[in-house]
Structures are given as structure tokens and as C-alpha cells.
Amino acid sequence: MHIVISGASGLIGTTLSASLRQAGHEVVTLVRRKPASPAEIQWDPEAHRLDPAALAGADAVINLSGAGIGDRPWTGSRIRELLSSRLRATGTLVEAMGKLENPPRTFISQSGADFYGDSGSAQLREDASPGSGILARICVEWEAAAHEAPAGVRVVTTRSGIVLSRSGGSMGRLLPLLRLGVGGPLGNGRQYWPWITLPDICAVFEFLARSDIHGPVNVCAPQEADVNTLIGALASALHRPAFFRVPAPALRLVMGKMANELLLSGKRMEPAVLEAAGFQWQHPSLSQAAAWVAAR
């Protein structure tokens, strides 16, 4: 396939681009700087600038663009940037598709498990209603923007859980502490965190690009886990203790409203669409995932 990726410089995008190329696909990435190779095309989503020719002939466009959720404190201006960066990038891609006589067949646009808000222990399939909160509102608007794609384009919105990797990403700050034996659960640890390993989320994107699935897709492993279980499994695989629980008040004091939505909220998400479609996880169980993370 010929695949165009935006937001390819992040943890998922970098690994996804490499894995797709290794699988024999032709991958073009959209970059904001001057292109360094023929496999890169410059765009400016802030100004809604993208030559529609960049998407011509693409079998699939994968949209991973957006400012980092946990990179900076959530001031009012930062929250507006989290939303606007996603809407501008998605809108720019949709506008470019609309100018083509034959737009790409598939548009896979990233969303997040935060679509469901803090849902406690409720089982969440793709037909569950959106939750409340800053991130839920962002995800709702982000998905709506993707569905503005031209008629005939198959739109998939991936509601991704926490990505387990050996470095970087959501676990980038926690793993070094666990390796040192000074990490531990966050809050009471009973909140559910949907999770998936980096190799598996990359495989999901390729699977979706080849499939006929459309609409929302919960992207997580089939084994659910709360934070106590997740942190415990990682610490065990690293042969380290996980005694140092961080209480919720301390997290709120340091991180403000970001702590409630990123760390202390729970989503008991089920990958119903992927399971029904026969997707095969490389790391379906938490023990397999933790062993992969620890083996570096």
C-alpha cells in the first residue's frame, strides 16, 4: 500500500513508519520542516497548507498529529492548543482530500481512550457514550473533524489506550523509576487503564488500513488491568519492588487538573471491534507485555 502519515515524528509514528516500510509498504510522512528525502512532504497545518497532490494515490492516510497531552501544564492556553492543534491538522488533511478527484480510500485518525472520560468500572465497547472532561471533549471534536472527510472515504477513529514501550511515551517517566525500584501505583490504583504494547498498536494501524472496518475502534489489549495490576506486573518483570504509592492529593498538588484526567481516571475499555475482526495481538496478556518491556 501507499500510506501517508502525519505526526510521524512521535513515538508511535516513528515506529509505525519503520514497521510499515519493513512490511513492504510505501510510506510518505508529512513534515513541517524542509523535507530531508523524497519520502517526506512539507505541510503547515497551522496555516491549513498542504498540496493535495501529497495525498494523491494514497491507499490510506494515518493522522497522528496533535500537541503532546502531558508535555506541559494545562493552562487555559495549553488546553486550547491541545484542541486546536488536532482540529487544524485533521481539517487540513480533510480539506486536501476534498480537492482530489480520487481521494484516499481510507482515513485513520487518532483519538483516545479519554473519549469515555472517567468511566469507573463500566465496560466500554465502541458504542458507549462519550464521557465528560477536557480530554473527552477534545476527542469528541477530533473525531467529528475526521468524519468531515469526503464521501467514499472510509473513516476510522482509533481510541487508543496507554502505549507500553521500553522508553518514551506515556510510560517514559514511570519506567525509569520502576527500574530503580522507587516506583509504584498512582492514587488508590483501582482505576482501569486500557493498555497496548508499541508493536501491537503499530500492527493495529496496518490491520485497519487493510480492513473494511469503519468508525470508532478501541485500541487496547484484550486483558484489562487496573493500575495496581499494571504497575505490579511491570515491576515484577523488572525484578523490582513497587512500594512507593503516590497518593492522589500529591498528584493533584503537583499536576493540577491534569492528574485527574491523565492518571486518576479509569476506563475499562474492551477492544470489541478488533476481536470481532480477528486481530491477533503479539502481547495479548499483561505478563507477555511486561516481559517485552523488561527485555531490552
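In terms of hydrophobic clustering, with Ile, Leu, Val, Met, Phe, Trp and Tyr side chains grouped at heavy-atom distances under 4.5 Å, L124 and V217 are assigned to different clusters. Residues W281 and I162 share a hydrophobic cluster, clusters being chains of Ile/Leu/Val/Met/Phe/Trp/Tyr side chains in contact below 4.5 Å. When hydrophobic clusters are built by joining Ile, Leu, Val, Met, Phe, Trp and Tyr residues whose side-chain heavy atoms come closer than 4.5 Å, directly or via intermediates, V140 is not grouped with I79. Residues F115 and L262 are members of separate hydrophobic clusters, defined by side-chain heavy-atom contacts under 4.5 angstrom among Ile, Leu, Val, Met, Phe, Trp and Tyr. Transitive grouping of hydrophobic side chains (ILVMFWY, heavy atoms separated by less than 4.5 Å) keeps L20 and V28 in distinct clusters.
With E46 contributing its side chain and R88 its backbone, the two residues share no donor-acceptor pair below 3.5 Å. A donor-acceptor distance shorter than 3.5 angstrom exists from the side chain of R166 to the backbone of W292, with no hydrogens or angles considered. With T75 contributing its side chain and R78 its backbone, the two residues share a donor-acceptor pair below 3.5 Å. Between the S119 side chain and the Y116 main chain, a donor and an acceptor come within less than 3.5 Å of each other. In terms of modelled atom types and a separation under 3.5 Å, the side chain of N228 and the main chain of N188 share a donor-acceptor contact. D200 places a side-chain N or O within 3.5 Å of a backbone atom of Q282 that can act as its donor or acceptor partner. Remark: the backbone N or O of G266 is paired with a side-chain donor or acceptor of D118 at under 3.5 angstrom. Between the side chain of S19 and the main chain of T15, a donor-acceptor pair closer than 3.5 Å is present. Formation of a donor-acceptor pair under 3.5 Å by the R245 side chain with backbone atoms of G187 is found in this model. Listed for the R179 side chain is no donor-acceptor partner under 3.5 Å among the backbone atoms of L238.
Side-chain atoms of L82 and I134, non-hydrogen and from C-beta on, never get closer than 4.5 Å to each other. Here the side chains of D114 and I69 are not in contact, with every heavy-atom distance at 4.5 Å or above. I3 places a side-chain heavy atom less than 4.5 Å from the side chain of I5. Using a 4.5 Å heavy-atom threshold, the side chains of V293 and S165 count as separate. The shortest side-chain heavy-atom distance between N218 and L274 does not fall under the 4.5 Å cut-off. Contact check for M97 versus V61: side-chain heavy atoms found under the 4.5 Å cut-off. Contact annotation: the side chain of W74 approaches that of E261 to within less than 4.5 Å [non-hydrogen atoms, C-beta and beyond]. The shortest distance between side-chain heavy atoms of F205 and L64 falls below 4.5 Å.
Closest non-hydrogen pair, D59 versus M1, comes out as OD2-CA, 3.3 Å. Nearest heavy atoms, S167 versus L11: O-CD1, 3.8 Å. The heavy-atom pair separating F107 from A149 by the smallest distance is CD2-CB, 4.3 Å. Pairing each heavy atom of P185 with each of A242, the nearest pair is CD-O, 3.7 Å. Among all heavy-atom pairs drawn from A277 and I213, the shortest one is CB-CD1, 3.7 Å. For the pair V153 and P104, the tightest heavy-atom approach, listed with the atom from each and the gap, is CG2-O, 3.3 Å.
S109 and T157 share no donor-acceptor pair across their side chains, judged by distance under 3.5 Å alone. No side-chain donor-acceptor contact under 3.5 Å links R268 and S121. Residues E81 and S84 have side chains that never bring a donor and an acceptor to within less than 3.5 angstrom of each other.
Here Q223 contributes atom CD and H283 contributes atom NE2; the two are 13.0 Å apart, rounded to the nearest 0.5 Å. Distance CZ/R137 to CG/L83: 6.5 Å, rounded to 0.5 Å. To the nearest 0.5 angstrom, L180 atom CG is 10.5 Å from F244 atom CZ. L16 contributes atom CG, which lies 5.0 Å from atom SG of C202 (distance to the nearest 0.5 angstrom). Of the inter-residue distances, the one linking L135 atom CG with W142 atom CH2 reads 10.0 Å to the nearest 0.5 angstrom. Here the straight-line distance linking atom CD of E95 with atom CG of L100 works out to 12.5 Å at 0.5 Å rounding.
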Could you walk me through whether I108 and T158 pass side chain to side chain contact (heavy atoms under 4.5 Å, CB included), step by step? CA-CA 7 Å; I108 303 174; T158 47; 3.9 Å; yes

Evaluate W193 against M269 for side chain to side chain contact (heavy atoms under 4.5 Å, CB included), listing each step before the verdict. CA-CA 8 Å; W193 278 6; M269 200 165 75; over 6 Å; no

What verdict does the side chain to side chain contact (heavy atoms under 4.5 Å, CB included) test give for Q123 and E224, after you've listed the backbone C-alpha separation in whole Å, the side-chain angles of each residue and the deciding distance to 0.1 Å? CA-CA 10 Å; Q123 200 81 39; E224 61 187 32; 3.5 Å; yes

Going through the checks in order, is the side-chain hydrogen bond (donor to acceptor under 3.5 Å, both in side chains) test met by S160 and Q110? CA-CA 8 Å; S160 302; Q110 181 73 306; 2.9 Å; yes

Test I62 against V4 for side chain to side chain contact (heavy atoms under 4.5 Å, CB included), laying out the working first. CA-CA 6 Å; I62 300 176; V4 178; over 6 Å; no

Trace of the side-chain hydrogen bond (donor to acceptor under 3.5 Å, both in side chains) decision for W43 with S6: CA-CA 9 Å; W43 74 323; S6 71; over 6 Å; no

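Annotation: R210, atom CZ; neighbour count of heavy atoms from other residues, nucleotides and ligands within 6.0 Å is above 12. Counting heavy atoms of neighbouring residues, nucleotides and ligands inside a 6.0 Å radius, atom NE2 of H25 exceeds 12 of them. Around CZ of R72, the count of heavy atoms belonging to other residues, nucleotides or ligands within 6.0 Å does not exceed 12.
The pair R86-E141 fails the salt-bridge criterion, with no side-chain N (NZ, NE, NH1 or NH2) lying under 4.0 Å from an Asp/Glu carboxylate O. With respect to the salt-bridge test (charged N to carboxylate O, under 4.0 angstrom), the residues D226 and R190 do not qualify. Ion pairing between a basic and an acidic side chain is recognised when a charged N comes within 4.0 Å of a carboxylate O; E126 and R159 show no such pairing.
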